[in-house]
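Below is one structure, written out as structure tokens; the observations come after it.
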Amino acid sequence: MLKTYTQGHSSALPPLLIVHGLFGSARNWSVIAKRLTEDRVVHTVDMRNHGESPRYSSQSYMDMANDLAHVINDLGAPMDVLGHSMGGKAAMVLAVQSPDIVNRLLVADIAPVAYSHTQMPLIEAMRSLDLAQVEKRSDADRLLQDAIPDDGVRAFLLQSLDVNDQQWRLNLDVLADQMDKILGFPALTGQFDKPALFLSGGASDYVLPAHRPLIKALFSNAYFAKMPDVGHWLHAEKPRDFEASIRAFFS
């Protein structure tokens, strides 16, 4: 089963499962998860080939959704589910395939469509990092500056670097091999008719008006909202506003 972290105490609200995106981990969501434990149990997971979870040869959304279903069924269904980016796609597949174990769904800045961009340059940058030269995280940050000039992106990726063991907590080879599946989205049959909020960044182009008919076809009770002046990483750029949106929807 996926490496799972649990915080909080049982309450009238159902447990919440938080699912991170590509190159992320449960630790990226630890602060938000801890704040949300004031009134419920919150579970965060490391997805397959990320963090401390098992390594597999596949990164398909069907497999990722099955991983999440195992977690929910093992810990107690149903749950509210929040997924960002790749995690949002996995959560959408989970909700459509197994609607009985998902109570409500929040999808953060992603749509059920295939995207044309690629994250291969980031994988190549991480692969090319000479870990023998890395004694502390700042060494890695300096060595990656040319390949990844964005300070925020470097800081995010470096959360998955184990400096002591000189290795990435990411299965970079499989993520590279499966990139077409990560960017894509599987054909689904069925529909999730419980509340589903598609929350996007006002400065992001991941969720477009043209995507709404596709979303409504799979999520008949879908709602749409935007956080102004926020990009794709809305939970990192404006965590308090994002937390407020989570509470408003799930509570």
Side-chain angles (χ1 to χ4, degrees), residues 5 7 16-38 42-47 50-51 80-92 104-113 115-123 125-126 137-138 140-141 144-145 147-161 169-170 175 182-183 196-209 211-212 215 222-251:
Y5 304 84
Q7 303 179 66
L16 171 64
L17 176 65
I18 298 178
V19 190
H20 68 77
L22 181 63
F23 306 138
S25 67
R27 68 191 306 176
N28 303 146
W29 290 83
S30 59
V31 173
I32 287 177
K34 185 175 182 179
R35 290 176 183 154
L36 293 171
T37 58
E38 294 173 2
V42 179
H43 305 290
T44 52
V45 294
D46 287 341
M47 295 293 276
H50 292 71
D80 288 340
V81 179
L82 183 167
H84 171 252
S85 200
M86 179 191 77
K89 283 187 171 183
M92 283 188 273
R104 288 168 293 185
L105 175 69
L106 194 159
V107 178
D109 208 60
I110 203 74
V113 300
Y115 291 90
S116 59
H117 63 263
T118 179
Q119 302 297 340
M120 282 304 299
L122 297 180
I123 289 181
M126 286 185 279
R137 202 170 299 275
S138 59
D141 185 67
L144 286 172
Q145 280 183 354
I148 308 174
D150 188 291
D151 294 345
V153 173
R154 283 199 317 279
F156 165 68
L157 294 176
L158 288 172
Q159 291 184 54
S160 291
L161 178 63
R169 296 189 188 94
L170 300 165
L175 296 179
I182 296 169
L183 296 177
L197 173 63
F198 286 76
L199 180 63
S200 56
S204 170
D205 61 359
Y206 275 72
V207 183
L208 302 174
H211 297 152
R212 290 195 175 194
I215 293 171
Y223 300 85
F224 300 90
K226 284 185 181 289
M227 288 176 56
D229 304 318
V230 179
H232 183 60
W233 304 97
L234 57 180
H235 61 292
E237 295 176 43
K238 289 191 176 180
R240 289 292 192 178
D241 291 350
F242 185 69
E243 178 191 342
S245 298
I246 296 171
R247 291 183 183 277
F249 178 65
F250 286 128
S251 299

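Residue indices begin at 1 and follow the sequence shown. Only this structure's heavy atoms are used, side chains among them; waters, hydrogens and symmetry mates stay out.
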Exercise for the section: Applying side-chain hydrogen bond (donor to acceptor under 3.5 Å, both in side chains), name anything that partners D141, two or more places apart in sequence or on another chain. Expected result: R154
Handout entry: Cation over ring face, R212 and F224, 6.0 Å, 45°
Key = yes
Practice task
Please step through side chain to side chain contact (heavy atoms under 4.5 Å, CB included) for the pair H43 and I18, ending with a clear verdict.
Solution key: CA-CA 6 Å; H43 305 290; I18 298 178; over 6 Å; no
Exercise for the section: Apply side-chain hydrogen bond (donor to acceptor under 3.5 Å, both in side chains) to H232 and list each qualifying residue two or more places apart in sequence or on a separate chain. Expected result: S85, D109
Exercise for the section: Show the numbers, then the answer: is there a side chain to side chain contact (heavy atoms under 4.5 Å, CB included) between F250 and L36? Expected result: CA-CA 11 Å; F250 286 128; L36 293 171; over 6 Å; no
Exercise for the section: Would you mind reporting whether H50 and L175 have side-chain heavy atoms less than 4.5 Å apart? Expected result: yes
Exercise for the section: Find out whether M92 and K89 are in side-chain contact, i.e. whether some heavy atom of one side chain is under 4.5 Å from a heavy atom of the other. Expected result: yes
Handout entry: Donor-acceptor contact present, side-chain R137 to main-chain L161, <3.5 Å
Key = yes
Fill in the blank from the handout: Value for CZ (F249) from CG (L82), rounded to nearest 0.5 Å, stands at 9.5 Å
Completion exercise
All heavy atoms of L158 vs all of A140, minimum pair found to be CD2-CB, 3.6 Å
Fill in the blank from the handout: What one should report as the nearest heavy-atom pair of G87 and V19 is CA-CG1, 3.6 Å
Handout entry: side-chain hydrogen bond (donor to acceptor under 3.5 Å, both in side chains) against H20, all qualifying residues, sequence neighbours excluded
Key = none
Problem - Any side-chain heavy-atom pair of V42 and Y5 under 4.5 Å - result: no
Completion exercise
CD (Q119) and CG (L22) are apart, to the nearest 0.5 Å, by 6.0 Å
Exercise for the section: Taking S251 for its side chain and A248 for its backbone only, find out whether a donor-acceptor pair lies under 3.5 Å. Expected result: no
Exercise for the section: Could you check if a side-chain atom of L17 sits within less than 4.5 angstrom of a side-chain atom of V45, using non-hydrogen atoms only? Expected result: yes
Problem - Distance in Å, N28 CG paired with S160 OG, rounded so as to fall on 0.5 Å steps - result: 6.0 Å
Exercise for the section: Verify whether the ring centers belonging to Y206 and H84 lie closer than 6.0 Å. Expected result: no
Exercise for the section: Identify the heavy atoms of R27 and S25 that sit nearest to each other, and give their distance. Expected result: CG-OG, 2.8 Å
Handout entry: Worked check of salt bridge (charged side-chain N to carboxylate O under 4.0 Å, His left out) between E243 and K238
Key = CA-CA 9 Å; E243 178 191 342; K238 289 191 176 180; over 6 Å; no
Completion exercise
Here the gap from L157 atom CG to F23 atom CZ, rounded to the nearest 0.5 Å, amounts to 6.5 Å
Exercise for the section: May I ask you to decide if A26's main-chain N or O and S30's side chain share a donor-acceptor pair within less than 3.5 Å? Expected result: no
Fill in the blank from the handout: Here the gap from M120 atom CE to I182 atom CD1, rounded to the nearest 0.5 Å, amounts to 10.0 Å
Handout entry: Gap separating the CG atom of L122 from the CG atom of D150, nearest 0.5 angstrom
Key = 9.5 Å
Handout entry: Heavy-atom pair with the smallest gap, counting every atom of M126 and L170
Key = SD-CD1, 3.9 Å
Practice task
Answer yes or no: is there a donor N or O on one side and an acceptor on the other, between the side chain of R104 and the main chain of D80, under 3.5 Å?
Solution key: no
Exercise for the section: Sort out for me which residue in L106, V107, I110 forms a side-chain contact (heavy atoms from CB on, under 4.5 Å) with F198. Expected result: V107
Problem - Sidechain-backbone polar pair: S204 side chain, G201 backbone, donor-acceptor under 3.5 Å - result: no
Problem - Smallest separation among heavy atoms of P239 and A236, with atom names - result: CD-O, 3.6 Å
Handout entry: Heavy-atom check, side chain of I32 versus side chain of I246, under 4.5 Å
Key = yes
Exercise for the section: Please report the shortest heavy-atom distance between A111 and V207, naming the atom on each side. Expected result: N-CG2, 4.1 Å
